[in-house]
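First comes the structure, then the notes that go with it.
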Amino acid sequence: MTAIRDDRVALFGRLQDPTTQPEFWARVADDVDWTVEGTHPLAGRYHSKKAFVAATFTRLAGVLQGGVRLKVEHLYVDGDTTIAELQSTSTSKEGAPFANRYCWVCRFDGDTIVEVRAYLDSAMVDYTVLRNEISWE
């Protein structure tokens, strides 16, 4: 179990920097079932990695200086389930901290993420996306 936990810590650690994020995405199934909970512009259910990344990470990268940066706060591993608590260390284009907190409940099939339920601060996402997309276009 220690080897799996160490692998997952390293995997989610790839989210800290946009240059290492492709290594994370390589371990997400192309047909992932990813649900983003909430009442904000990024909320919804995505049935592919391509759709999820385009609607969330790419959209956020457009309103954040230097893109999306997520730091692992806590990681829980039990069988095929990993729960990652993440903290955004990004800054909006208008200079405000985007200190959102995330909880991703991930199901793995072997080494690949096949399903995720993601929880976050809807108000912060709503405010940041809408204000920065309007202000900086």
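As the structure is a computational prediction, the values presented were derived from the model and not from experiment.
The shortest distance between side-chain heavy atoms of T2 and D6 falls below 4.5 Å. Residues I83 and C106 form no side-chain contact, since every pair of their non-hydrogen atoms from C-beta on lies 4.5 Å or further apart. Using a 4.5 Å heavy-atom cutoff, the side chains of R101 and L120 are not in contact. Using a 4.5 Å heavy-atom cutoff, the side chains of I4 and V77 are in contact. Considering only heavy atoms from C-beta on, V125 comes within 4.5 Å of N100 through its side chain.
Between V32 and E115, the shortest heavy-atom distance links the atoms CG2-N, 3.9 Å. Nearest heavy-atom pair, L15 versus Q21, reported as atom, atom and distance to 0.1 Å: O-NE2, 3.0 Å. Nearest heavy atoms, E37 versus S122: O-OG, 4.4 Å. Counting all heavy atoms, side chain and backbone alike, A43 lies closest to T39 at CB-N, 4.4 Å.
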Side-chain donor-acceptor pairs of residues 59-74 under 3.5 Å, sequence neighbours excluded:
{"unit_1": "R59", "atom_1": "NE", "unit_2": "E133", "atom_2": "OE2", "d": "2.7"}
{"unit_1": "R59", "atom_1": "NH2", "unit_2": "E133", "atom_2": "OE1", "d": "2.9"}
{"unit_1": "Q65", "atom_1": "NE2", "unit_2": "S92", "atom_2": "O", "d": "3.0"}

For residues 46-54, run the donor-acceptor check on the side chains, cut-off 3.5 Å, and write out each pair with its distance to 0.1 Å, sequence neighbours left out.
{"unit_1": "Y46", "atom_1": "OH", "unit_2": "L42", "atom_2": "O", "d": "2.7"}
{"unit_1": "S48", "atom_1": "OG", "unit_2": "A51", "atom_2": "N", "d": "3.0"}
{"unit_1": "K49", "atom_1": "NZ", "unit_2": "W25", "atom_2": "O", "d": "2.8"}
{"unit_1": "K49", "atom_1": "NZ", "unit_2": "V28", "atom_2": "O", "d": "3.0"}
{"unit_1": "K49", "atom_1": "NZ", "unit_2": "D30", "atom_2": "OD1", "d": "3.3"}

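Residues V9 and I113 share a hydrophobic cluster, clusters being chains of Ile/Leu/Val/Met/Phe/Trp/Tyr side chains in contact below 4.5 Å. Both W34 and Y102 sit in one connected hydrophobic cluster of ILVMFWY residues. Membership requires side-chain heavy atoms under 4.5 Å apart, directly or through other members.
The salt bridge (charged side-chain N to carboxylate O under 4.0 Å, His left out) search around D80 returns none, not counting sequence neighbours.
Atoms CG and CD, on L11 and E23 in that order, are 9.5 Å from each other to the nearest 0.5 Å. With values rounded to the nearest 0.5 angstrom, K93 atom NZ is found 14.0 Å from F98 atom CZ. R14 CZ to T19 OG1: the interatomic distance, rounded to the nearest 0.5 Å, is 10.0 Å.
Formation of a donor-acceptor pair under 3.5 Å by the D109 side chain with backbone atoms of T112 is not found in this model.
Taking the centre and axis of the six-membered ring of F108, the NZ or CZ atom of R8 falls inside the cone set by 45° and 6.0 Å.
Ionic pairing of D7 and R27 is present here: one or more N-O contacts between side-chain nitrogen and carboxylate oxygen are shorter than 4.0 angstrom.
Taking the six-membered ring for Trp and the full ring otherwise, the centers of F24 and F12 sit less than 6.0 Å from each other.
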Item to complete: Kindly determine whether V116 and V105 satisfy side chain to side chain contact (heavy atoms under 4.5 Å, CB included), including the steps that lead there.
Response: CA-CA 5 Å; V116 180; V105 181; over 6 Å; no
